[in-house]
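Here is the naming used below: chain letters follow the sequence lines, and residue numbers restart at 1 for every chain.
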Amino acid sequence: MSEIREFDCRPNDQTGAESPLAWSFQRGPAPAADAQAGVTLRESAFMGHLILRGGAIVLDEAVREVLGINLPARPNTLAVDAKGERSIQWLSPDEWLILVPGGEEFVLEKALRHALGQAHFSLVNVSGGQTVITLRGPKARETLKKSTPYDVHPSAFPVGKGVTTIFAKTSLILRQPQADCWELIVRRSFADYVYRWLLDAAAEFGVTVERR
Amino acid sequence: MFHIYCPYCEEHREEEEFHPRGQAHLQRPADPENCSDKEWGDYLFFRDNPRGIHHELWVHSVGCRKFFNITRHTANYEILETYKMGERPSITAETLAADERQSGVQAASGGWQTVGARPEDEALNTEARA
């Protein structure tokens, strides 16, 4: 067991946590619901984001044991579990992003720390620092083409790929866990900028924002 | 713009994602307390500025955030290779000069482009001085 002190960063429900896009939603009227919209935007707020760093060989076994997913060792790849809820993404040769449904991250963090024991690794909860914007629809790829210099053509960006790249004038993690489903993992302070950029870029195709 | 191959991401990425970080393969004096001021000054402040092959340190700052090396030609900006930290370059000024000699091209010393540096006609020099 490691000697790192652990604590649950997630506030309890009474505090009324706000997603990074709360202000954006409140500030401007969201586009009217449109069944014909080319792009559908949705924020997957309050998910559990963990950054896992260390050697792939050291981490692989623990990750498979705790999460049941193989650690993606190839660059720019993404491993998703059978339900499509939990995922691990390669960020750099010694860094991975684990994305789980909100509320699970502390349990997972404890389990991973326990499994890894005294190994040389780092595990940080970054859930409060970023959010996930999901892009769907027949024109989602067109919208991305306007926004990022990265090649999003199916031959260059198949399902199961994820990259950290330039997006508009900021950077984010762009990934495609399923066909016709793009996830944009943005920093909290850039969330409003990216959201408004997407609304503007997708306006010509018709855009809908799904809100819970 | 142009694309740079990141040896860690194993693919070509947009130039915007990278930042140059100066000359590569700098040797820190093994014993800084006991080295001469000249040695330490050279290490801290003085960098090569060759015309020709230059080994540079770059960082993939937006992508994987890893440092790596680029062998670049400073005259035509061609990127000859990129390689990971801790590796040795396979293309250097010496190997390039050897290739040129073998292929019968007019020899340039140490890969530096010296051809054309000196005007054929002495009159051009005097003209330049005037």
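- Of all non-hydrogen atoms in A/Thr164 and B/Val62, the two that sit nearest each other are CG2-O, 3.0 Å.
- In this structure, the separation between CZ on B/Arg13 and OH on A/Tyr150 is 4.5 Å, given to the nearest 0.5 Å.
- Counting only heavy atoms from C-beta outward, the side chains of A/Thr165 and B/Glu14 never approach each other to under 4.5 Å.
- Heavy-atom pairs under 4.5 Å with chain B peak, among A/Asp151, A/Val163, A/Leu172, at A/Val163.
- For B/His25, the NE2 atom is densely surrounded, since the number of other residues' heavy atoms within 6.0 Å is greater than 12.
- Of the listed residues (B/His3, B/Glu11, B/Arg65), the one with the most heavy-atom contacts under 4.5 Å to chain A is B/Glu11.
- Summarising the local packing, CZ of A/Arg187 is surrounded by 12 or fewer heavy atoms from other residues, nucleotides or ligands at distances under 6.0 Å.
- Enclosure of atom NE2 in B/His12 by more than 12 non-hydrogen atoms of other residues, nucleotides or ligands within 6.0 angstrom is indicated.
- The contact between A/Ile166 and chain B is made by backbone and side chain atoms together, counting heavy-atom distances below 4.5 Å.
- Within the 4.5 Å cutoff, side-chain heavy atoms of B/Glu16 are placed close to those of A/Pro149.
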With side-chain contact (heavy atoms from CB on, under 4.5 Å) as the test, would you mind laying out the steps for B/Cys9 and A/Asn76 before giving the verdict?
CA-CA 7 Å; B/Cys9 293; A/Asn76 306 315; 4.0 Å; yes
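- The environment of A/Glu18 atom CD is sparse: at most 12 non-hydrogen atoms of other residues, nucleotides or ligands sit within 6.0 angstrom.
- When the shell of 6.0 Å around CG of B/Asp37 is examined, it contains 12 or fewer heavy atoms from other residues, nucleotides or ligands.
- A/Glu95 and B/Lys66 are not joined by a salt bridge, as no carboxylate oxygen comes within less than 4.0 angstrom of a charged side-chain nitrogen.
- For B/Glu87, the CD atom counts as densely surrounded, since its 6.0 Å shell holds more than 12 non-hydrogen atoms of other residues, nucleotides or ligands.
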